[in-house]
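Below is one structure, written out as structure tokens; comments come after it.
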Amino acid sequence: MSKEVKPFQTYRLVYRYRISLVIVLMMLSVLAIPALALTETAEQRDERMQWWREARFGMFIHWGVYSIPAGTYKGKQISGIGEWIMEHGDIPVAEYEKYAKQFNPVKFNAEQWVQIAKNAGMNYIVITSKHHDGFCLWDSKVSKYDIMDTAPFKRDILKELSIECKKHGIRLCFYHSIMDWYHPDAQAPFYPKYNDGGRTNPNFSRYVKNYLKPQLKELITNYGPLGVMWFDGEWIKDWTEPQGKDLYNYVMSLQPNIIINNRVGKGRKGMEGLNKGDQEYAGDFGTPEQQIPATGLPGVDWESCMTMNNTWGYKSYDHDWKSNKVLIQNLADIASKGGNFLLNVGPTAEGLIPDASVERLEFMGKWMKVNSESIYGTTASPIGKLPWGRCTAKPGKLYLHVFDWPTNLKLEVPLKNKVNKAYLLADKKRTKLTVRRELKDKIAVRIPREAPDAVNTVVVLEIKDK
Ligand code: FHN
């Protein structure tokens with residue numbers, strides 16, 4: 001029978017053991033970060049990450065007020081990425097607010113966007129709930145600088161997207177900038193150099209407590225369940241790794257099975273995007289930007305984010321679009337190294353995804369309709385890089401992504417395993433291709449004269465796992 005301890009006795013006990021209590025609390029405070037991560041077993045983590053690891057391909061959406069100037073300010077084309085026009089154009093907050101008061105994307109159709117992503121073979125969508133300029137694309141009770149109170153549009157864009165994503169089985173995820181050029185307790189006072197890496201705001205902790213966290217609570221509790229919280233803007237001097245770990249735990253406490261990128265903390269090594277190795281940093285996956293790691297990264301979860309032209313946010317005159325070939329081969333290259341591909345679109349101020357983006361996504365969708373088996377749920381190449389293309393794997397299967405079709409109709413593969421069967425993934429009849437072992441660690445597959453797909457033809461090898 002447990003002995004009931006009276007309140008005063010509690011006080012006396014606390015008073016007697018006060019030193020040890022303080023020590024325990026201090027230890028806990030050091031260990032507490034990341035407490036939730038610590039309590040998560042490897043199995044639980046694998047379970048939480050599984051859908052994301054299998055998804056492999058997602059849509060990034062950079063959309064907001066910056067789509068109105070679309071790269072031009074006071075008649076001058078402003079260089080750099082479109083969503084940074086407030087910074088690159090030295091636009092005062094009050095001036096930029098005028099664009100927010102014009103934001104009225106009447107052609108926005110959430111179902112259309114979700115369909116475009118789904119038809120392209122994308123399994124999740126990461127949209128900018130709030131970018132560095134601070135404008136909020138949802139009905140925030142914490143801010144007036146949002147789609148309901150400042151913009152004439154007065155429709156909750158994130159709500160409409162969350163409904164359509166649920167309907168079409170697409171995971172909705174939110175990008176959210178820690179840096180905020182609009183909020184007085186954040187970087188607004190730094191005008192004209194909002195992104196001044198040397199400055200701090202004495203009231204920044206107030207921004208975190210009274211604005212950043214309450215808005216994250218709105219996003220995660222009113223639009224969820226979410227797939228990923230994709231943080232950014234963490235490089236500011238005001239942000240620290242302990243704050244990153246604290247925010248990681250805070251978000252996890254709101255939705256325990258959510259996934260959080262490594263830009264919640266300070267681990268990222270610049271655009272290479274992977275974590276510095278000197279300590280345990282907050283976050284579940286690395287975020288290479290506009291680049292693909294040279295090799296696979298065994299045991300590391302990572303996602304390469306990339307633009308289709310040279311800007312994330314819409315710029316009316318940026319027509320430097322990547323080719324379909326580059327986009328398809330990037331997807332195979334990234335998957336062959338065990339990563340995810342987050343490909344960006346920058347919708348217009350009217351709410352339309354640019355035609356050039358839609359056309360490329362349709363092309364990717366056609367390829368994925370035939371070949372998605374060689375991307376979804378695959379793991380990195382066990383046979384390294386190949387002169388003619390890339391390789392992805394599943395238990396008992398290798399998917400050879402042939403970019404350059406050998407003219408001698410002989411596809412040479414460095415492989416010791418026994419091959420039970422080889423065929424073209426595009427060939428529904430799975431007609432057997434002839435395989436000859438040339439050396440104990442090399443085979444040759446006899447391939448047809450014409451490559452079924454000029455950009456990337458997938459040859460499947462059913463192998464005997466060692
Ligand atoms: O500054 C942002 C940029 O605007 C864009 O959002 C990219 C996307 O990953 N991230 C930052 C630059 O690293």
Side-chain angles (χ1 to χ4, degrees), residues 57-71 73 78-91 96 99 122 124-137 173-183 186-188 190 193-197 227-239 244 259-276 281 283-293 301-315 318 322 330 334 339-347 357:
F57 190 29
M59 175 184 272
F60 213 171
I61 304 178
H62 277 72
W63 195 37
V65 167
Y66 39 81
S67 60
I68 293 177
Y73 179 55
I78 306 296
S79 64
I81 41 187
E83 69 281 5
W84 276 62
I85 194 166
M86 189 176 167
E87 161 81 1
H88 294 156
D90 296 343
I91 308 178
Y96 192 85
Y99 289 129
M122 295 163 152
Y124 60 105
I125 289 176
V126 181
I127 183 166
T128 50
S129 60
K130 186 196 79 166
H131 202 267
H132 309 329
D133 65 354
F135 184 76
C136 308
L137 290 188
C173 315
F174 290 151
Y175 166 110
H176 199 78
S177 177
I178 293 166
M179 176 164 67
D180 190 316
W181 300 334
Y182 180 81
H183 198 287
Q187 285 68 41
F190 299 2
K193 208 169 173 330
Y194 298 106
N195 184 45
D196 185 336
V228 173
M229 270 314 300
W230 213 99
F231 288 102
D232 202 11
E234 85 287 4
W235 55 81
I236 52 176
K237 198 168 180 201
D238 272 313
W239 194 247
I259 295 173
I260 303 168
N261 73 342
N262 69 340
R263 299 187 188 192
V264 68
K266 305 287 273 192
R268 160 169 86 116
K269 275 183 287 188
M271 292 307 185
E272 185 210 315
L274 302 164
N275 277 355
K276 292 168 272 189
Y281 287 99
D284 296 313
F285 64 92
T287 52
E289 177 170 326
Q290 303 285 46
Q291 58 185 272
I292 302 173
D301 289 303
W302 58 276
E303 172 199 71
S304 193
C305 59
M306 209 172 276
T307 56
M308 281 196 200
N309 52 5
N310 301 317
T311 180
W312 303 92
Y314 178 68
K315 284 183 89 171
D318 182 336
K322 292 178 177 68
N330 281 354
I334 291 168
N340 282 23
F341 188 23
L342 187 65
L343 184 56
N344 185 75
V345 296
S357 298

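Both ligands and their constituent atoms are indexed starting at 1 by order of listing.
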Spacing of C305 atom SG and I334 atom CD1 [to the nearest 0.5 Å]: 9.5 Å

Aromatic centroids of Y73 and H88 separated by under 6.0 Å: no

Centroid-centroid distance, W181 to Y96, less than 6.0 Å: no

Set of side-chain hydrogen bond (donor to acceptor under 3.5 Å, both in side chains) partners for E234, sequence neighbours left out: R268

Mutual orientation of the aromatic rings belonging to F57 and F341 [parallel < 30°, tilted 30-60°, perpendicular > 60°]: parallel

Under 4.0 Å from ligand 1 - residues by heavy atom, chain and number: F60, H62, I81, E83, W84, H131, H132, Y175, W230, D232, W235, R263, R268, M271, E289, C305, W312

Distance-only donor-acceptor check, side chains N262 and Y281, under 3.5 Å: no

